[in-house]
Novice: 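One structure, pasted below without further comment.
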Amino acid sequence: MKKKSFAVIGAGRFGTSVALSLTKMGHDVLVIDSDEKKIQELSDRVTHAVQADTTNEHVLKTLGITNFDAVVVAIGTSLQASVLTSIILKELGAKYILSKAQTDLHGKLLEKIGVNRVIFPERDMGLRIARSLSSTNILDFIEFSPDYSVTEFIAPLKMHGKTLGGLHLRAKHGVNVIAIRSGEKINISPLADDIIRKGDLLIVIGENRVLEKFIKE
Ligand code: ATP
């Protein structure tokens, strides 16, 4: 994996988790937070940690923010600080901006500003958990877009002993199987004559409404 450089603005629970995960993956990570204490806590756990107020354009310019592959704006509670920081990043020409939104209005504002991606961590995680709890078969549900998701679920009884081709999942349901996990083994290019066995995990991609119906059936 190519080493990349990231700036994470806001060291709350979400920002800290993103920053530490990226560091563990071997990337260069700069964390910026206006709270000196948060910066001290992180200073020897990420590449650089700087105490600064990112609603000040000069600060972001001086830190060379346009040199980073991506900037994560992880300020949630202060709508003003999140929006102002995102506008400045956009105006300076940051390469890729991912901003966290707390409410629908917050999300709309960030979209209007033109950040590359808006995420709602609490809402999205809540949805994922609810989906996996609502069916005993679903282990994970990752939303790609409002319409499409990747889901991992335990092959139901009706599939046991059948071939992938024989189930006609694509033709009948518009669902594509991208991998099958049998115990420790994972088959990432499943073929039509591969047999589904009891305990297999199927990783599929498809339209949300189809997936939900398909897994419940
Ligand atoms: P989480 O839920 O991830 O814990 P949160 O949504 O509650 O976070 P906040 O606590 O509002 O988000 O903000 C996260 C961090 O952003 C805080 O540590 C805060 O000090 C920092 N922060 C807020 N405003 C600014 C700013 N203008 N410049 C730099 N950092 C800021």
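Just follow the structure's listing: the first ligand is 1, and inside any ligand the first atom is 1.
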Novice: How far is atom 20 (O) of ligand 1 from its nearest protein heavy atom, and which residue and atom is that?
Specialist: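 Protein heavy atom at minimum distance: D33 OD1, 2.6 Å.
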Novice: Starting from atom 6 (O) of ligand 1, which protein heavy atom do you reach first, and at what distance in Å?
Specialist: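 That would be K100 NZ, 2.9 Å.
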Novice: Please answer: with hydrophobic residues joined when any side-chain heavy atoms are less than 4.5 Å apart, are V73 and L110 in the same cluster?
Specialist: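 Yes, it is one cluster - the side chains of V73 and L110 are joined through contacts under 4.5 Å.
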Novice: Just by distance, no angles: are the side chains of T85 and T55 close enough, under 3.5 Å, to form a donor-acceptor pair?
Specialist: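 Result is no, nothing qualifies.
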Novice: Side chains of S82 and H106 only: does a donor on one sit below 3.5 Å from an acceptor on the other?
Specialist: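 H106 and S82 do have a side-chain donor-acceptor pair below 3.5 Å.
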Novice: Under the criterion side-chain contact (heavy atoms from CB on, under 4.5 Å), which of V31, L60, L30 is the partner of I9?
Specialist: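 It is L60, the one option of V31, L60, L30 that forms the side-chain contact (heavy atoms from CB on, under 4.5 Å) with I9.
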Novice: Please report which non-hydrogen protein atom sits nearest to atom 11 (O) of ligand 1, along with the residue it belongs to and the distance in Å to one decimal place.
Specialist: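 Going atom by atom, the protein heavy atom closest to atom 11 (O) of ligand 1 ends up being T77 OG1, 2.7 Å.
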Novice: Measure the distance from atom 22 (N) of ligand 1 to every protein heavy atom, then report the residue, atom name and distance (to 0.1 Å) of the closest one.
Specialist: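 Checking every protein heavy atom, the shortest distance to atom 22 (N) of ligand 1 gives S34 OG, 3.7 Å.
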Novice: Considering only heavy atoms of T55, which atoms of ligand 1 have at least one such atom less than 4.0 Å away?
Specialist: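 Ligand 1 atoms under the 4.0 Å threshold to T55: 27 (N).
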Novice: Show the atoms of ligand 1 that are less than 4.0 angstrom away from any heavy atom in K38.
Specialist: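 Close to K38: 17 (C), 18 (O).
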Novice: Are any of the N or O atoms of T85 closer than 3.5 Å to those of ligand 1?
Specialist: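 For ligand 1, there is no N or O atom that lies under 3.5 Å from one belonging to T85.
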Novice: Under 4.0 Å from any heavy atom of D53, which atoms of ligand 1 are there?
Specialist: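 Those qualifying, in numeric order: 26 (C), 27 (N), 28 (N).
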Novice: Please say whether more than 12 non-hydrogen atoms of neighbouring residues, nucleotides or ligands are located less than 6.0 Å from OH in Y96.
Specialist: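 Correct, the count exceeds 12.
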Novice: Would you check the N or O atoms of F14, main chain and side chain alike, for any that come under 3.5 Å of an N or O of ligand 1?
Specialist: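 In this structure, F14 places an N or O atom under 3.5 Å from an N or O of ligand 1.
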Novice: So, does D33 use its side chain to make a donor-acceptor pair with the main chain of A11 at under 3.5 Å?
Specialist: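 It does hold such a pair.
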Novice: By the definition side-chain contact (heavy atoms from CB on, under 4.5 Å), identify the one residue from V175, I178, V177 that meets it with I205.
Specialist: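 Output: one option passes, namely I178.
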Novice: So, for A74 and F14, which heavy atoms are closest and what is the spacing to 0.1 Å?
Specialist: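 Distance-wise, the nearest heavy atoms are CB-CD2, 3.7 Å.
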Novice: What residue and atom, counting heavy atoms only, is the protein's closest point to atom 23 (C) of ligand 1, and at what distance?
Specialist: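 Closest protein heavy atom to atom 23 (C) of ligand 1: I75 CG2, 3.7 Å.
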Novice: Tell me whether G76 has any N or O atom under 3.5 angstrom from an N or O of ligand 1.
Specialist: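 Yes, G76 has an N/O under 3.5 Å of an N/O on ligand 1.
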Novice: If we set the cut-off at 4.0 Å for heavy atoms, which region of P121 has an atom near ligand 1: side chain, backbone, both, or neither?
Specialist: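 Looking at P121 and ligand 1, no heavy atom falls under 4.0 Å.
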Novice: Work out which heavy atom in T66 is nearest to a heavy atom in A94; give both atom names and the distance.
Specialist: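 Of all heavy-atom pairs spanning T66 and A94, the closest is CG2-N, 4.0 Å.
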Novice: Is it the side chain, the backbone, both or neither of A11 that has a heavy atom closer than 4.0 Å to ligand 1?
Specialist: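 Only the backbone of A11 comes within reach of ligand 1.
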Novice: Just which atoms of ligand 1 are under 4.0 Å from any heavy atom in A52?
Specialist: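 Atoms satisfying the 4.0 Å criterion: 28 (N), 29 (C).
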Novice: Taking only distance into account, with no hydrogens and no angle test, what donor-acceptor pairs under 3.5 Å do side-chain atoms of residues 180-190 form with protein atoms, sequence neighbours excluded?
Specialist:
{"from": "S182", "atom 1": "OG", "to": "D200", "atom 2": "OD1", "distance (Å)": "3.0"}
{"from": "N187", "atom 1": "OD1", "to": "S189", "atom 2": "N", "distance (Å)": "3.0"}
{"from": "N187", "atom 1": "ND2", "to": "D194", "atom 2": "OD2", "distance (Å)": "2.9"}

Novice: Please report which non-hydrogen protein atom sits nearest to atom 1 (P) of ligand 1, along with the residue it belongs to and the distance in Å to one decimal place.
Specialist: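 For atom 1 (P) of ligand 1, the nearest protein heavy atom comes out as R13 N, 3.5 Å.
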Novice: For A74, take its heavy atoms, then give the atoms of ligand 1 lying under 4.0 Å from any of them.
Specialist: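 Contacts of ligand 1 toward A74, numbered from 1: 14 (C).
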Novice: Compute whether any side-chain donor of one residue and acceptor of the other, for N208 and S149, lie under 3.5 angstrom apart.
Specialist: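 Yes.
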Novice: Just which atoms of ligand 1 are under 4.0 Å from any heavy atom in A81?
Specialist: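 The atoms of ligand 1 under 4.0 Å from a heavy atom of A81 are 24 (N), 27 (N).
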Novice: I need the atoms of ligand 1 closer than 4.0 Å to a non-hydrogen atom of Q102, numbered in the order shown.
Specialist: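 The atoms of ligand 1 under 4.0 Å from a heavy atom of Q102 are 6 (O).
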Novice: Can you tell me which residue pairs pass the salt bridge (Lys or Arg N to Asp or Glu O under 4.0 Å) test with a partner in residues 49-76, sequence neighbours excluded?
Specialist: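 The answer is E57-K61.
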Novice: Closest non-hydrogen protein atom to atom 16 (O) of ligand 1, residue and atom name please, with distance?
Specialist: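 Of every protein heavy atom, G10 CA, 3.3 Å lies nearest to atom 16 (O) of ligand 1.
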